[in-house]
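Take a look at the structure below.
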Amino acid sequence: MRRLLLGIDIGSSSVKTSLLDADTGKSILSKAFPEEEMIINAPEKGWAEQDPDTWWKYVQHSIRYVLNKTSVKKGELKGIGIAYQMHGLVLVDKDQNVLRPSIIWCDSRAVGIGEKAYKELGEEYCQKNLLNSPGNFTASKLRWVIENEPAIAAKIHKMMLPGDFIAMRLTGEICTSETGLSEGIFWDFQKNGLSDQVLANYQISKSWIPEVVPSYSIQGRVSAFASEVTGLEEGIPISYRAGDQPNNAFSLQVLKPGELATTAGTSGTVYGVADKPLHDPLSRVNTFVHVNHTKENPSYGVLLCVNGTGILNSWLKKVMGAAHIEYDEMNNLGGSAPIGSDGLTFIPFGNGAERIMQNQHVGAHMMGLDLLKHDKRHFIRSAQEGIVSALTFGFQIMQDMGLDLNTVKAGKANMFLSPVFRKTFVHMNKVVLELYDTDGAQGAARGAGIGAGVYANEAEAFAGLELLETIEPNEHFYEPYEEVYETWKSYLETIQKASN
């Protein structure tokens with residue numbers, strides 16, 4: 001009998017489910033729903049919401065598709081792992097009904113609340129105990145509901161992150177993780193537990209916080225109801241959960257100090273691991289509990305996030321006529337333009353308040369446009385160079401914190417499918433880039449194997465991870481890409497001065 005593992009990745013664009021052969025470590029089948037990107041609703045400027053039951057609908061579709069296409073037999077599936085978009089807020093009543101749309105990661109309505117709490121809690125406490133400013137994270141979003149929607153707040157039974165909600169729908173049980181609470185800025189790193197100061201300042205009832213379980217653990221089992229609507233066998237354990245960025249790092253076997261992972265989907269990230277609680281004094285880069293953290297062996301994830309990355313590439317595709325151009329064609333067009341895009345520069349910060357900009361709404365900008373010179377090729381290349389420049393800006397903050405940035409791992413997906421993006425990334429940052437055949441859903445499946453005891457350890461879980469390509473920088477290209485970055489940075493400074 002086969003030993004199989006299922007991984008579910010709840011994104012803001014789609015829900016992806018992957019079936020993994022636990023013995024070979026190879027993916028059998030993956031499927032994402034919907035075919036088009038999920039809608040992000042923006043009732044007001046700076047807001048971003050999604051219906052949690054829409055995620056659940058696509059979880060059901062993707063699981064049924066994978067099970068039907070692979071003929072999974074009774075007893076073969078040993079565990080289920082869940083990865084999810086970080087920082088989202090889901091609220092349910094005592095009957096587990098959703099009280100309002102989820103306020104998701106790129107919603108910036110609570111920036112002011114976080115800034116006020118930073119002053120009231122005190123800079124020293126926030127930096128030492130929270131390792132972050134309360135900022136625009138989940139706790140601040142919950143406080144926004146308390147202040148602005150008291151009738152809804154009065155009905156709250158539990159607050160959850162998106163992965164906690166999907167686990168609830170699968171099992172009927174509500175729990176969360178240490179890494180999840182740390183990403184919401186509920187966690188006191190000195191105490192290694194909930195921050196009573198944050199709860200008191202925000203007037204959040206401790207009863208709203210779910211039970212805390214380790215990322216690798218049995219966290220509930222598939223209920224009779226979930227079995228009926230998904231086709232899963234009743235009783236299969238949910239045995240892993242993590243936010244998308246810790247999980248993406250995990251999926252690339254980034255578990256030890258000095259190891260780094262990067263992604264470039266809707267948002268772009270770099271995630272490094274440290275064995276001590278590092279922090280950026282300006283909270284532009286954030287520190288959370290990593291998936292393999294224990295009291296005995298602490299492990300912390302340092303996250304750089306740029307909201308406006310792949311969404312800029314997606315926007316360009318729509319503007320150019322999405323039905324008539326594919327991403328591969330765009331990448332080829334971009335590759336035909338010269339380094340520096342003949343002076344055209346994109347500032348990609350057009351997807352809400354940016355943490356690396358200290359929660360400012362910098363916005364997206366096209367600079368240096370020459371109507372007699374620039375065409376589609378320049379737009380595409382400039383957008384990709386601008387995205388990498390934004391990541392480089394964050395890289396330098398991480399280096400100042402003491403992280404070593406020599407080798408970076410990524411899945412060969414999204415923006416990393418573009419040769420222009422890859423070449424810009426390795427030369428602008430002077431790093432070696434390793435590309436792997438994996439994704440967040442596969443990572444969640446491997447995590448489920450650890451949590452369910454299918455794998456004895458993390459090394460065993462990654463035996464089947466395949467390195468596809470290693471890209472090393474060429475010193476010949478350092479100078480031209482340095483010029484691209486310096487031009488980008490000077491435009492950014494000009495925009496910031498104009499807005500002050």
Side-chain angles (χ1 to χ4, degrees), residues 46 86-87 89 103 105-144 146-147 178-204 206 209 243 245 269-290 293 298-307 349 352-362 393-403 492-493 496-497 499-500:
M86 295 172 74
H87 314 307
L89 174 67
I103 303 174
W105 59 276
C106 54
D107 186 292
S108 52
R109 75 184 73 181
V111 169
I113 289 172
E115 290 174 347
K116 179 172 178 282
Y118 187 59
K119 294 175 183 175
E120 292 175 349
L121 290 166
E123 180 178 339
E124 182 179 353
Y125 175 80
C126 291
Q127 296 296 340
K128 182 180 177 182
N129 294 68
L130 306 179
L131 302 184
N132 302 284
S133 163
N136 188 42
F137 294 105
T138 315
S140 297
K141 291 168 182 171
L142 178 51
R143 178 61 196 170
W144 184 93
I146 294 168
E147 289 182 3
E178 290 184 4
T179 182
L181 290 175
S182 74
E183 78 181 60
I185 317 299
F186 293 99
W187 200 251
D188 186 319
F189 285 80
Q190 297 296 316
K191 177 183 168 185
N192 202 41
L194 277 172
S195 169
D196 293 321
Q197 287 88 331
V198 168
L199 297 183
N201 182 275
Y202 280 176
Q203 296 180 305
I204 293 170
K206 190 177 275 190
I209 309 297
Q245 300 313 323
T269 65
V270 179
Y271 188 99
V273 176
D275 57 5
K276 53 183 180 292
L278 303 175
H279 72 274
D280 170 37
L282 299 178
S283 204
R284 297 163 298 178
V285 173
N286 303 107
T287 302
F288 307 119
V289 171
H290 196 30
H293 173 84
S299 184
Y300 304 98
V302 181
L303 174 64
L304 148 72
C305 181
V306 178
N307 289 354
F349 303 129
E354 290 285 358
R355 267 177 258 160
I356 63 168
M357 296 289 112
Q358 295 179 261
N359 286 321
Q360 293 178 359
H361 286 268
V362 176
F393 185 88
F395 256 55
Q396 295 184 352
I397 298 170
M398 296 178 82
Q399 285 176 316
D400 291 341
M401 291 170 64
L403 285 170
L492 175 63
E493 290 168 354
Q496 287 180 301
K497 285 177 183 176
S499 64
N500 290 334

What closest approach, in Å, do [X] and [Y] show between heavy atoms, and which atom pair accounts for it?
X: Tyr202; Y: Ile113; value: OH-O, 3.8 Å
X: Ser108; Y: Gly352; value: OG-CA, 4.4 Å
X: Thr287; Y: Met401; value: OG1-CE, 4.4 Å
X: Arg284; Y: Asp280; value: N-OD2, 2.7 Å
X: Ala139; Y: Val198; value: CB-CG1, 4.3 Å
X: Ser140; Y: Gly135; value: OG-O, 2.7 Å

How far does [atom1] of [X] sit from [atom2] of [Y], to the nearest 0.5 angstrom?
X: Gln358; Y: Glu115; atom1: CD; atom2: CD; answer: 9.5 Å
X: Leu130; Y: Trp187; atom1: CG; atom2: CH2; answer: 12.0 Å
X: Asn307; Y: His361; atom1: CG; atom2: NE2; answer: 10.0 Å
X: Met86; Y: Asn286; atom1: CE; atom2: CG; answer: 8.5 Å
X: Gln496; Y: Gln360; atom1: CD; atom2: CD; answer: 5.5 Å
X: Phe349; Y: Ile356; atom1: CZ; atom2: CD1; answer: 4.0 Å

Please tabulate, for the side chains in residues 117-124, all donor-acceptor contacts under 3.5 angstrom to protein atoms that are two or more places apart in sequence or on a different chain.
| from | atom 1 | to | atom 2 | distance (Å) |
| --- | --- | --- | --- | --- |
| Tyr118 | OH | Gln127 | NE2 | 2.9 |
| Glu120 | OE1 | Asn201 | ND2 | 2.9 |
| Glu120 | OE2 | Lys116 | NZ | 2.8 |

Between [X] (side chain only) and [Y] (backbone N and O only), is there a donor and an acceptor less than 3.5 Å apart?
X: Asp275; Y: Pro298; result: no
X: Thr179; Y: Val289; result: yes
X: Gln190; Y: Lys128; result: yes

Is [Y] close to [X] at the side-chain level, that is, under 4.5 Å between some pair of heavy atoms?
X: Asn136; Y: Lys141; answer: yes
X: Gln399; Y: Leu403; answer: no
X: Phe186; Y: Ile204; answer: yes
X: Phe189; Y: Ser182; answer: yes
X: Met398; Y: Leu304; answer: yes
X: Leu303; Y: Arg355; answer: yes

Of all residues at least two apart in sequence or in a different chain, which pass the side chain to side chain contact (heavy atoms under 4.5 Å, CB included) check with Lys206?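 Result, side chain to side chain contact (heavy atoms under 4.5 Å, CB included) vs Lys206: Leu194, Asp196, Leu199.
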Could you please spell out the steps behind the ring-ring contact (aromatic ring centres under 6.0 Å, His included) verdict for Phe288 and His87? CA-CA 12 Å; Phe288 307 119; His87 314 307; 5.7 Å; yes
Taking only residues two or more places apart in sequence or in another chain, which ones pass salt bridge (charged side-chain N to carboxylate O under 4.0 Å, His left out) with Arg109? Glu49, Asp107
Tyr125 and Ser195: side-chain donor and acceptor closer than 3.5 Å?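 Tyr125 vs Ser195: donor-acceptor pair found between side chains.
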Under the criterion side chain to side chain contact (heavy atoms under 4.5 Å, CB included), I'd like the reasoning laid out for Glu354 against Val362: C-alpha separation, chi angles, the key distance, then a yes or no. CA-CA 7 Å; Glu354 290 285 358; Val362 176; 5.5 Å; no
Take Tyr300 and Leu278, measure what side chain to side chain contact (heavy atoms under 4.5 Å, CB included) needs, and give me the verdict at the end. CA-CA 8 Å; Tyr300 304 98; Leu278 303 175; over 6 Å; no
